[in-house]
Amino acid sequence: MPVEATGRSAELTVVLPTYNERANVPLIVEALRRALAGVDWEVVFVDDNSPDGTAAAARAIAATDPRVRVIRRVGRRGLAGACIEGMLSSSAPFVAVMDADLQHDETLLPRMLAALRGGDADLAVASRKAEGGAIGEGLSRTRAAGSNLANALAQKLLKVSLTDPMSGFFMLRRQVIDELAPRLSSQGFKILLDIVASGEGRLRIVEFPFVFRERQEGESKLDTLVTLDYLGLLVSKFFGDLVSVRFLMFSLVGASGVLVHLVALRGGMLGLGLEFNVAQTFATFVAMTTNFLLNNRLTYRDRRLTGFAMLRGLLTFYAVCSVGVLANVGVANLIYENEPVWWLAGTAGAAMGAVWNYAASSVLTWRK
Ligand code: GDD
Ligand code: MN
């Protein structure tokens, strides 16, 4: 049967990442209907399997409104990743991302769209810090201070000239995201900063001031982990993507393992009265276990293992690390034989072990 076009894609896709926003779903759809009257639009909820049934609430509306689409992701968490997936699911020429909790002013959308349609800009950013914008009641005093610090760092380290690089409210030509997507990190909240930094100054940007509203229903998901992750992105982008945020995190966890090892070794000998070699084995397992738990919680929190999969993961991690020790000692010996400089051989061995552990555990332990 020949396939014929029966219509065309919307002009604008609005991507709404959601996690536990059920009560906000009908409100935000209604707000979009009102704000986008006269525009050919669609909305995509990208829900990370919220336990409160957000996806089902969105599907209930989709049943009677074909402009509403839902992507339900299982086994993954992360605001940036959800935004990227939603944007990539679009066939519209323009794509917007905004929060689903009504903190963002949807009435700005038509003006942002008009700016992009004109062809003079690639990216329209709704800014709380531009002249006329404000964080209003939207952020606590501590969050506001943290947000200012994060901005200052981004501007200094990445030479990003946005007034509000942490804004989660923006619109772009879909082509931009199609090109940049392979380079973006899927963790954390800093999707816009990541897009702008990855665009390396080539994007033409316009800003629209707006007042950040107070959250209506539910609560914020921004926590310390998100902040750590943001700092990781700054460092990794600063070093020109030489090291990934993930590898950086993995190495930090590894470094913490050395401390844990020494404490456990001393505890094993003094506290439990173990002989040195028994205590050393004990400490090795303690450190591997804490490394596993921390990596599972931080480095791979988007692929976090739970229940039985976690036990399986722990065992593969032990196996990976054992081979890592062999790789470490092998390389160190090889170098030491040719160049008997202890610290050089030692560092090269440790680096080899870390790279091996990272590569192998990403395939075996936290496989996709
Ligand atoms: N799919 C998915 N997965 N959505 C998520 C996740 C996640 O892991 N975490 C949060 N969201 C959704 C929320 O449901 C909400 O629609 C939106 O992302 C923003 O999350 P909030 O938890 O409401 O963030 P906030 O209000 O504290 O943070 C605001 O300010 C930040 C900078 O200060 C947002 O505008 C952020 O986008 C912004 O970066
Ligand atoms: Mn919010």
Side-chain angles (χ1 to χ4, degrees), residues 14-25 27-29 31-32 43-55 57-58 69-89 96-106 108 125-129 133-154 160 162-171 185-196 210-227 229-230 233 301-304:
V14 180
V15 175
L16 299 179
T18 55
Y19 194 73
N20 285 346
E21 302 287 0
R22 194 190 53 203
N24 287 318
V25 168
L27 305 178
I28 184 76
V29 173
L32 290 176
V43 61
V44 185
F45 286 91
V46 190
D47 185 64
D48 286 355
N49 209 21
S50 302
D52 77 345
T54 302
R69 291 201 283 127
V70 182
I71 297 176
R72 178 179 159 215
R73 310 198 307 163
V74 289
R76 272 177 298 165
R77 264 305 296 278
L79 177 54
C83 296
I84 295 169
E85 247 178 91
M87 289 190 273
L88 293 180
S89 82
V97 170
M98 63 190 290
D99 294 356
D101 58 6
L102 304 156
Q103 290 196 269
H104 289 156
D105 181 0
E106 70 287 342
L108 267 186
V125 178
S127 164
R128 299 164 290 191
K129 308 271 169 77
I135 48 173
E137 302 289 302
L139 293 182
S140 68
R141 196 146 0 138
T142 342
R143 278 269 321 254
S147 167
N148 284 337
L149 184 67
N151 283 356
L153 280 174
V160 165
L162 289 169
T163 54
D164 191 3
M166 289 298 281
S167 174
F169 186 12
F170 56 89
M171 190 186 292
S185 151
S186 60
Q187 293 191 19
F189 271 49
K190 68 284 145 169
I191 175 75
L192 173 66
L193 177 63
D194 202 1
I195 290 174
V196 173
F210 82 106
V211 179
F212 197 49
R213 298 193 289 230
E214 202 172 351
R215 196 178 234 285
Q216 298 292 312
E217 307 283 340
E219 56 191 41
S220 167
K221 284 100 206 165
L222 194 147
D223 54 16
T224 328
L225 282 185
V226 169
T227 313
D229 181 72
Y230 173 76
L233 178 91
R301 69 178 183 283
D302 57 325
R303 301 187 206 164
R304 195 157 137 209

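Ligands are counted one by one from 1 in listed order, and the atoms in each one are counted from 1 as well.
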Taking all non-hydrogen atoms of both residues, which atom of [X] and which atom of [Y] are closest, and how far apart?
X	Y	value
D164	L192	O-CD2, 3.9 Å
V15	C83	CG1-O, 4.1 Å
N24	A100	CB-O, 3.3 Å
S167	V125	CB-CG1, 4.3 Å

Contact residues of ligand 1, where a non-hydrogen atom lies under 4.0 Å away:
P17, T18, Y19, E21, V46, D48, R77, G78, L79, A82, D99, A100, D101, Q103, H104, R128, R143, M166, G168, F189, F212, R215, S220, K221, L222

Sequence-distant partners of R73, side-chain contact (heavy atoms from CB on, under 4.5 Å), two or more places apart:
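R73 satisfies side-chain contact (heavy atoms from CB on, under 4.5 Å) with V46, D48, I71, R76, A82, E85 only.
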
Mind checking side-chain contact (heavy atoms from CB on, under 4.5 Å) for R72 and listing every partner two or more places apart, or none if nothing turns up?
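Only N49, A55, R59, V74 meet the side-chain contact (heavy atoms from CB on, under 4.5 Å) criterion with R72.
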
Full working for side chain to side chain contact (heavy atoms under 4.5 Å, CB included) between E21 and E217
CA-CA 7 Å; E21 302 287 0; E217 307 283 340; 5.9 Å; no

Is it the case that atom CZ in R69 sees more than 12 heavy atoms from other parts of the structure closer than 6.0 Å?
yes

May I ask you to determine how many protein N/O/S atoms are under 2.8 Å from the Mn ion (ligand 2)?
2

Is there a donor-acceptor contact under 3.5 Å linking the side chains of T163 and S127?
yes

